[in-house]
Amino acid sequence: MEKKPFYTLEHGGRRFGFKRPTVDQINRLTARISRVPVSAAIEFTAELAEEPEAWKALLEEKPGLALQAANGILELLGFPTA
């Protein structure tokens with residue numbers, strides 16, 4: 001039986017799945033997000049992506065999707081998002 005992703009993001013007819021982050025991963029993201037938001041979100045989502053190479057390729061063209069995914073993951077965990 002295939003394990004269901006914690007969070008999914010659909011873009012361009014493709015679905016990207018992400019694992020549930022650890023507290024350490026969340027702490028690293030929240031420590032950096034105010035200074036370098038895009039870089040922090042890219043690193044955070046790259047660690048959690050179920051298909052890291054496909055996710056990395058997409059982010060080369062659309063890096064803002066990392067922020068969208070990071071916000072979605074945090075929202076599922078109960079964090080307020082803007």
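Computed from a predicted structure; not experimentally measured. Computation of the quantities below employed the complete heavy-atom set of this structure, encompassing side-chain atoms and omitting hydrogens, waters and symmetry-equivalent molecules.
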Joint cluster assignment, Ile33 & Val38, ILVMFWY side-chain distance < 4.5 Å:
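Yes; Val38 is reachable from Ile33 via cluster members.
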
Distance from [X] atom [atom1] to [Y] atom [atom2], nearest 0.5 Å?
X	Y	atom1	atom2	value
Gln68	Leu9	CD	CG	5.0 Å
Glu50	Lys4	CD	NZ	11.5 Å
Leu48	Leu29	CG	CG	9.5 Å

Thr45 vs Leu59, test: side chain to side chain contact (heavy atoms under 4.5 Å, CB included). Steps then yes/no.
CA-CA 10 Å; Thr45 58; Leu59 293 182; 4.2 Å; yes

Measure the shortest side-chain to side-chain distance between [X] and [Y] over non-hydrogen atoms and say whether it is less than 4.5 angstrom.
X	Y	value
Thr22	Asn27	no
Pro21	Phe6	yes
Phe18	Tyr7	yes
Ile73	Phe44	yes
Leu74	Ile26	yes
Arg32	Ser39	yes

Of Glu47, Lys19, Arg20, which is the lone residue that meets side chain to side chain donor-acceptor pair (under 3.5 Å) with Gln25?
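For Gln25, the side chain to side chain donor-acceptor pair (under 3.5 Å) check succeeds only for Glu47.
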
Heavy-atom closest contact (Ala70 atom, Ala41 atom, distance):
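The answer is CB-CB, 4.1 Å.
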
Do Glu51 and Arg14 meet the salt-bridge criterion of a basic N to acidic O distance under 4.0 Å?
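Judged by the 4.0 Å cut-off on N to carboxylate O distance, Arg14 and Glu51 do form a salt bridge.
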
Test Arg28 against Glu43 for salt bridge (Lys or Arg N to Asp or Glu O under 4.0 Å), laying out the working first.
CA-CA 10 Å; Arg28 281 196 307 273; Glu43 290 176 17; over 6 Å; no

